[in-house]
2 protein chains.
Amino acid sequence: MNTLQLTSTDRATLMRSRFFARLPQSTFEDVLNSASVSACEERDVLFRQDEDVDDVFFVLSGLVRLCRMGKDGREADVALFSEGEMLAETAMFLRQRATASAVAAKKSVIARLNGGKLQHLAATDHEVAQALIEHLCYRGKMTEDLLAEDRLLTATQRVANFILSHCPKDSTSFRLPFQKNILAGKLGLAPEALSRAFSTLRQSGVTVRGRLIEIHDRHALERF
Amino acid sequence: MNTLQLTSTDRATLMRSRFFARLPQSTFEDVLNSASVSACEERDVLFRQDEDVDDVFFVLSGLVRLCRMGKDGREADVALFSEGEMLAETAMFLRQRATASAVAAKKSVIARLNGGKLQHLAATDHEVAQALIEHLCYRGKMTEDLLAEDRLLTATQRVANFILSHCPKDSTSFRLPFQKNILAGKLGLAPEALSRAFSTLRQSGVTVRGRLIEIHDRHALERF
DNA sequence: AACGCTTCTTGACACCGGTCAAACAAGTGA
DNA sequence: TCACTTGTTTGACCGGTGTCAAGAAGCGTT
């Protein structure tokens, strides 16, 4: 986890993000002044469950898995953050230990924003508070979506959903943005189950070669 | 769904709640001025999935189920709100239809706060924004907890968890706060599965008679 | 090109939990 | 109190998914 300088593409990534996009330039700079940037290898840990976390993390590039561990050692992913997404903001406001661990799911560049600073800004700057509220609403919905999918859909249906929502409407194929491993975790599946789901979908015109997914019949997928 | 007057116990309930507790009296009155109160019977619908929802709801007494329906007609609960809890706040900030339906799970009294008013307050009043942020963090954590439980624990373990977290530390028994039906939904189980979980736990010293749950060996439950 | 590592796939199997049906209990209203 | 409705339990069955183990494919390194 080496410390880096914030590049101009990093700044661009930040400014494009849901959270920062709506903040005025000066506030943006203000937040950045208290930020540090580091390069992570796959499996590097940003923070661990039950630790105190004071900072807020921002994915400048790469991928971060948020996972909880059960007492028997198994672990379950509860969220997956890719470029331009922010995590660990709840630790700031609920005075309690982290409820999950954050682990890089591949080589990543992570910005670490000062939590106290951000909290202070949220308390004094309407724009920041507003952006935070929207961000939290969005995150809440994401988690609720996951929960509902888990409870309503079978493995194959969840995979079909994922494919449909990730394949551009005007295209017939796309590349998985990460390893199948990770996708399985995000969907709450064992890797084997993901593999089987793919092979079930082959009957409905889905071709999987490495990370390349081809769809030959969108409607067949929707019907699943 | 009859319209009611806000009683003084209702006011007390509001002021005790996570959200309103921290607001100054004047803001509190301000919000209340735009509120209406109604009595709901079990199964009354507060709003339906895919509808536009402008208001924010507050449970003054009773119980509200938030559930999503799958295309095959099955439905899954994604949250359960009891006395003193607020729901549908995300609809205000994410400009989109409701992602779930809200249904009274028993006779309830519901306050309906004006969303626009609240949104305006959140944008101008630091205290309101702050309260909202904390509320959203809390809700987010709740949903994440549910997701993690679903993914990490078996039915019996989830039930054991529920019992442990609802039985006062200094007591050896408690009453279920709602029908087993509802509990099953909250835990993501079919009623039959809940029933079986209870009967499995009987071996670990749990007695169930109607809604009365008795624990004879806390540690046995924790080990599950 | 050959090696070694990791990721992915496939098969076998067990088990958890959903579903249906029927018996049973509890609650409600006349 | 009885009849009726609604909620709960139990049994039987089966489909879905986790787990273990083995083999295949992919990928980077030498």
Side-chain angles (χ1 to χ4, degrees), chain A residues 41-43 63 65 69-70 72-77 104-107 149-162 175-203 206-213 224, chain B residues 41-43 63 65 69-70 72-77 103-107 148-162 175-203 206-213 224:
Chain A
E41 294 303 315
E42 187 170 343
R43 280 158 215 268
L63 202 65
R65 231 160 38 91
M69 50 210 192
D72 56 351
R74 300 189 326 124
E75 57 179 42
D77 291 8
K106 63 174 167 186
K107 230 171 182 302
E149 281 207 344
D150 270 28
R151 291 188 168 183
L152 286 171
L153 306 180
T154 67
T156 315
Q157 292 173 316
R158 301 209 284 272
V159 175
N161 256 5
F162 178 86
R175 273 183 64 80
L176 288 179
F178 33 71
Q179 275 180 212
K180 295 189 184 156
N181 231 342
I182 308 293
L183 177 57
K186 176 186 163 82
L187 298 178
L189 295 173
E192 295 94 327
L194 175 63
S195 202
R196 279 190 252 272
F198 274 136
S199 84
T200 303
L201 290 176
R202 212 169 288 148
Q203 302 159 19
V206 174
T207 316
V208 180
R209 254 197 346 277
R211 283 201 194 168
L212 183 70
I213 312 282
F224 235 97
Chain B
E41 293 303 314
E42 188 170 343
R43 282 160 213 267
L63 202 63
R65 232 160 38 91
M69 51 208 189
D72 55 351
R74 299 188 328 123
E75 58 178 40
D77 291 9
V103 184
K106 63 175 167 185
K107 230 171 180 302
E149 281 206 345
D150 270 28
R151 291 189 168 181
L152 285 171
L153 306 179
T154 67
T156 315
Q157 291 174 317
R158 301 209 286 272
V159 175
N161 256 6
F162 178 86
R175 273 183 65 79
L176 287 179
F178 32 71
Q179 273 180 211
K180 295 189 183 155
N181 231 344
I182 306 294
L183 176 57
K186 175 186 163 82
L187 298 177
L189 294 174
E192 295 94 325
L194 175 63
S195 200
R196 279 186 195 107
F198 275 135
S199 85
T200 303
L201 290 175
R202 212 169 288 147
Q203 302 158 20
V206 174
T207 316
V208 180
R209 254 197 346 277
R211 285 203 192 166
L212 183 69
I213 312 281
F224 234 98

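Residue numbering restarts at 1 for every chain, and letters A, B, ... go by the order of the sequence lines.
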Within this structure, what is the [atom1]-to-[atom2] distance between [X] and [N], rounded to whole angstrom?
X        : N      : atom1 : atom2 : result
A:Arg211 : C:dT6  : CZ    : P     : 17 Å
B:Gln157 : D:dG18 : CD    : C1'   : 14 Å
A:Gln179 : C:dC5  : CD    : C1'   : 13 Å
B:Glu42  : D:dG7  : CD    : C1'   : 11 Å
A:Lys107 : D:dG28 : NZ    : P     : 14 Å
A:Lys106 : C:dT7  : NZ    : P     : 14 Å
A:Phe198 : C:dT10 : CZ    : C1'   : 16 Å
B:Leu187 : C:dC16 : CG    : C1'   : 16 Å

Picking from [options], which would you name as closest to the side chain of [X]?
X        : options                : value
A:Ser195 : C:dT10, D:dT19, D:dT10 : C:dT10
B:Ser199 : C:dC16, D:dT8, D:dT10  : D:dT10
B:Ala193 : C:dG17, C:dC8, C:dT10  : C:dG17

Donor-acceptor pair, distance only, cut-off 3.5 Å: does the side chain of [X] make one with the backbone of [Y]?
X        : Y        : value
B:Lys180 : B:Gly210 : yes
A:Arg151 : B:Asp77  : yes
B:Arg175 : B:Ile213 : no

Which comes earlier along DNA chain D counting from the 5' end, the contact point of A:Glu192 or that of A:Thr156, where each point is its nearest nucleotide?
->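 Result of the comparison: A:Thr156.
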Toward the 5' end of DNA chain D, by each residue's nearest nucleotide, A:Leu189 or B:Lys180 |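 With B:Lys180 and A:Leu189 compared, the 5'-side residue is B:Lys180.
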How sharply is the helix from C:dA1-D:dT30 to C:dA30-D:dT1 bent, taking the axes over five pairs at either end and rounding to 10 degrees?
->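 Roughly 40°, once rounded to the nearest ten degrees.
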side-chain contact (heavy atoms from CB on, under 4.5 Å) between B:Arg158 and B:Lys186: does it pass, once the steps are laid out?
-> CA-CA 10 Å; B:Arg158 301 209 286 272; B:Lys186 175 186 163 82; over 6 Å; no
Under 4.0 Å between any heavy atoms, over every strand shown, what does B:Arg74 touch: base, sugar-phosphate, or nothing? Just pick one.
->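 Sugar-phosphate: the residue B:Arg74, judged by heavy atoms under 4.0 Å, touches backbone atoms but no base.
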Base, sugar-phosphate, or nothing for A:Arg158, non-hydrogen atoms under 4.0 angstrom?
->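 Nothing: the residue A:Arg158, judged by heavy atoms under 4.0 Å, touches no strand.
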Go through the steps to decide whether A:Phe224 and A:Thr200 satisfy the test side-chain contact (heavy atoms from CB on, under 4.5 Å), and finish with yes or no.
-> CA-CA 11 Å; A:Phe224 235 97; A:Thr200 303; 4.1 Å; yes
Any donor-acceptor pair under 3.5 Å between the side chain of A:Arg196 and the base of D:dT19?
->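 Yes, a donor-acceptor pair under 3.5 Å.
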Rounded distance [0.5 Å steps], CD in B:Gln157 versus CD in B:Glu149 |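 CD of B:Glu149 is found 9.5 Å from CD of B:Gln157.
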Determine, step by step, whether A:Phe162 and A:Leu194 satisfy the side-chain contact (heavy atoms from CB on, under 4.5 Å) criterion, reporting the C-alpha distance in whole Å, the side-chain angles of both residues, the deciding distance to 0.1 Å, and the verdict.
-> CA-CA 11 Å; A:Phe162 178 86; A:Leu194 175 63; over 6 Å; no
